[in-house]
Amino acid sequence: MRTGAEVFALRTRNPLATCAGLFVLGVSMSACSSSKPSPAQPRAPELWGDLKPVVSVKELMRDMLDPLADNIFDAVSIVVTEKGVVERAPKTDEDWEKIRIGAVTLAEGAYLLKIPRPFAPPGDLNNSSGPDAVELAPAQIKAKVEADLVEWNARIEALRNVGLEVLDIVKRKDAKELWDASDNLDTACENCHRSYWYPGETAQFHQKLDRRLQERFGNPPPSDRTAKPPK
């Protein structure tokens with residue numbers, strides 16, 4: 001049997017514990033409800049800004065892509081002269097390094113053509129005047145590009161793919177494959193030029209030009225003939 005004091009103590013102890021627990025819980029909830037979400041961290045400034053062109057397409061081709069493409073075009077050749085056959089192919093590390101520089105320039109530099117830029121310097125209308133003009137004016141080129149951006153980007157990708165192809169050839173130092181790569185580069189360049197720069201240079205135009213040259217100069221001298229080795 002419990003005494004009255006024990007019963008009283010038992011009855012009062014539990015409510016005190018309950019109150020203490022509720023007090024702690026209330027303090028915790030108050031602390032949670034009073035805390036505010038931390039503000040979002042400010043975004044770091046963009047590392048890459050908008051790409052801004054410096055020169056026109058014509059200048060980019062003339063001063064960068066064309067000169068470095070010659071590192072590939074001139075890497076292999078067979079020239080028949082009056083003195084015999086002269087064959088050129090990469091042999092040294094320096095030869096391959098020159099080809100690699102050309103390939104990197106094509107692979108990376110081709111994408112510079114994706115940056116909107118003028119197609120010719122101010123005041124330069126290309127050879128677009130006169131009834132026999134074979135080049136388009138910059139405004140005409142721009143209109144063709146804007147009418148079909150898919151083709152423009154496809155031409156750029158074709159040029160870039162040749163750069164990637166040559167980079168792979170350089171890694172393997174396979175001089176024989178440079179012949180095909182050079183042909184692919186010539187095709188990529190000429191297809192783009194004929195589509196946008198001088199669409200007037202059709203097959204009929206070149207046949208007419210060849211006849212005029214033969215009438216005036218005859219057949220080309222042997223030193224001007226190049227050949228591709230058989231596979």
Side-chain angles (χ1 to χ4, degrees), residues 57-114 134-135 150-214 217-231:
V57 171
K58 189 173 186 177
E59 293 167 301
L60 179 66
M61 297 299 299
R62 180 194 67 196
D63 299 331
M64 178 180 173
L65 296 181
D66 278 353
L68 274 299
D70 287 340
N71 290 13
I72 300 170
F73 280 129
D74 298 339
V76 288
S77 65
I78 295 177
V79 181
V80 181
T81 69
E82 296 178 351
K83 297 181 179 179
V85 178
V86 179
E87 183 175 355
R88 175 185 293 176
K91 297 179 176 63
T92 66
D93 290 341
E94 289 75 15
D95 293 337
W96 285 107
E97 182 179 2
K98 186 176 180 179
I99 298 169
R100 179 181 55 79
I101 291 172
V104 170
T105 302
L106 282 182
E108 294 285 1
Y111 269 17
L112 295 176
L113 295 168
K114 291 177 176 284
V134 295
E135 292 185 352
V150 173
E151 181 186 358
W152 176 250
N153 281 285
R155 301 297 186 193
I156 294 172
E157 292 295 337
L159 183 61
R160 183 174 187 266
N161 286 341
V162 177
L164 297 177
E165 176 189 5
V166 176
L167 281 176
D168 181 63
I169 292 173
V170 170
K171 291 178 182 178
R172 295 180 285 105
K173 293 187 176 180
D174 190 339
K176 292 182 179 179
E177 288 195 20
L178 283 174
W179 289 98
D180 289 335
S182 181
D183 286 345
N184 293 340
L185 177 57
D186 183 66
T187 299
C189 292
E190 289 305 303
N191 285 345
C192 187
H193 294 165
R194 286 176 179 168
S195 182
Y196 296 106
W197 213 265
Y198 42 81
E201 290 196 13
T202 60
Q204 292 77 12
F205 169 84
H206 285 285
Q207 290 173 2
K208 184 178 180 180
L209 180 62
D210 287 341
R211 285 196 300 269
R212 288 182 178 178
L213 292 174
Q214 289 178 1
F217 300 106
N219 293 327
S223 58
D224 292 339
R225 297 177 183 171
T226 60
K228 181 177 178 178
K231 292 185 179 180

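Everything quoted here is computed from the prediction, not taken from an experiment. The figures that follow rest on heavy atoms only: side chains count, while hydrogens, waters and symmetry mates do not.
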Visitor: Is Ser195 reaching over with its side chain to a backbone N or O of Asn191, donor-acceptor style, under 3.5 angstrom?
Guide: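 Such a contact is absent between Ser195 side chain and Asn191 backbone.
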Visitor: How close do Ala75 and Pro90 get, counting heavy atoms only, and between which atoms?
Guide: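 Answer, listing the atom of Ala75 first, then Pro90: O-CD, 3.6 Å.
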Visitor: First locate atom CE of Met61, then atom CG of Leu112, and finally report the distance between them rounded to the nearest 0.5 Å.
Guide: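 Here the interatomic distance stands at 11.0 Å.
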Visitor: Give, for atom OH of Tyr198 and atom CD of Glu190, the distance between the pair rounded to the nearest 0.5 Å.
Guide: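 Going from the OH atom of Tyr198 to the CD atom of Glu190 covers 3.5 Å.
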Visitor: Closest heavy-atom contact between Thr105 and Ile101?
Guide: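 That closest heavy-atom pairing would be OG1-O, 2.8 Å.
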Visitor: What distance do Leu65 atom CG and Asp70 atom CG have between them, rounded to the nearest 0.5 Å?
Guide: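 Output value for this atom pair is 11.5 Å.
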Visitor: Hey, are Thr92 and Asp95 close enough side-chain-wise for a donor-acceptor pair under 3.5 Å?
Guide: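 A donor-acceptor contact under 3.5 Å links the two side chains.
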Visitor: I'd like to know whether Val85 forms a side-chain contact (heavy atoms from CB on, under 4.5 Å) with Ile78, so could you lay out the CA-CA distance, the side-chain angles of the two residues, the decisive distance to 0.1 Å, and finally the verdict.
Guide: CA-CA 7 Å; Val85 178; Ile78 295 177; 3.4 Å; yes
Visitor: Taking atom CG of Leu164 and atom CD of Glu108, what is their separation to the nearest 0.5 Å?
Guide: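 These two atoms lie 9.0 Å from each other.
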Visitor: Between Tyr196 and Glu135, do the side chains contain an N or O donor and an N or O acceptor separated by less than 3.5 Å?
Guide: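 No.
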Visitor: Over all heavy atoms of both residues, which pair between Cys192 and Trp152 is shortest? Give the atoms and the distance, please.
Guide: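 Between these two residues, the closest heavy atoms are SG-CZ3, 4.4 Å.
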Visitor: Between atom CH2 of Trp96 and atom CZ of Arg172, what is the distance when rounded to the nearest 0.5 Å?
Guide: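 Reported to 0.5 Å precision, the distance equals 9.0 Å.
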Visitor: Considering non-hydrogen atoms only, spot the tightest contact between Ile156 and Ala110 and give its length.
Guide: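 Minimum heavy-atom separation between Ile156 and Ala110: CG2-O, 3.3 Å.
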Visitor: Any chance you could lay out the side-chain contact (heavy atoms from CB on, under 4.5 Å) test for Ile169 and Ile99, step after step, and finish with the verdict?
Guide: CA-CA 10 Å; Ile169 292 173; Ile99 298 169; over 6 Å; no
Visitor: Within the side chain of Asp186, is there an N or O that forms a donor-acceptor pair under 3.5 Å with the backbone of Ser182?
Guide: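 Flag not set: sc Asp186 to bb Ser182 has no pair under 3.5 Å.
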Visitor: Do Val166 and Leu185 come within less than 4.5 Å of each other through their side chains, counting heavy atoms only?
Guide: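 Side-chain contact under 4.5 Å: no.
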Visitor: Atom NZ of residue position Lys114 - does it have more than 12 heavy atoms of other residues, nucleotides or ligands inside 6.0 Å?
Guide: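 Atom NZ in Lys114 is crowded, with more than 12 foreign heavy atoms closer than 6.0 Å.
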Visitor: Side chain of Ser77, backbone of Val79: donor and acceptor closer than 3.5 Å?
Guide: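 Not a single qualifying donor-acceptor pair exists.
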Visitor: Using only atom types and a distance under 3.5 Å, with no angle test, would you say the side chain of Arg160 pairs donor to acceptor with the backbone of Ala107?
Guide: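 Checking the backbone N and O of Ala107 against the side chain of Arg160, a donor-acceptor pair under 3.5 Å is found.
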Visitor: If you count the non-hydrogen atoms of other residues, nucleotides and ligands that lie under 6.0 Å from CZ in Arg88, is the total more than 12?
Guide: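 Open: at most 12 neighbouring heavy atoms sit under 6.0 Å from CZ of Arg88.
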Visitor: Just how far is it from atom SG of Cys189 to atom CG of Leu159, taken to the nearest 0.5 Å?
Guide: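 Answer rounded to 0.5 Å: 5.5 Å.
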Visitor: What I'd like to find out is whether the side chain of His193 reaches to under 4.5 Å of the side chain of Arg155, using heavy atoms alone.
Guide: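 With C-beta onward as the side chain, the pair stays apart.
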Visitor: To check you understand the geometry: which heavy-atom pair defines the closest contact between Ala181 and Val162, and what is its length?
Guide: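 So the minimum-distance heavy-atom pair works out to O-CG1, 3.9 Å.
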Visitor: Under the salt bridge (charged side-chain N to carboxylate O under 4.0 Å, His left out) criterion, do Arg100 and Asp93 qualify, and how do the steps go?
Guide: CA-CA 10 Å; Arg100 179 181 55 79; Asp93 290 341; over 6 Å; no
Visitor: Do the non-hydrogen side-chain atoms of Leu167 and Val104 ever get within less than 4.5 Å of each other?
Guide: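 Yes, at least one pair of side-chain atoms sits under 4.5 Å.
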Visitor: Report yes if some heavy atom in the side chain of Asp66 is under 4.5 Å from a heavy atom in the side chain of Phe73; otherwise report no.
Guide: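 No; the side chains remain at least 4.5 Å from each other.
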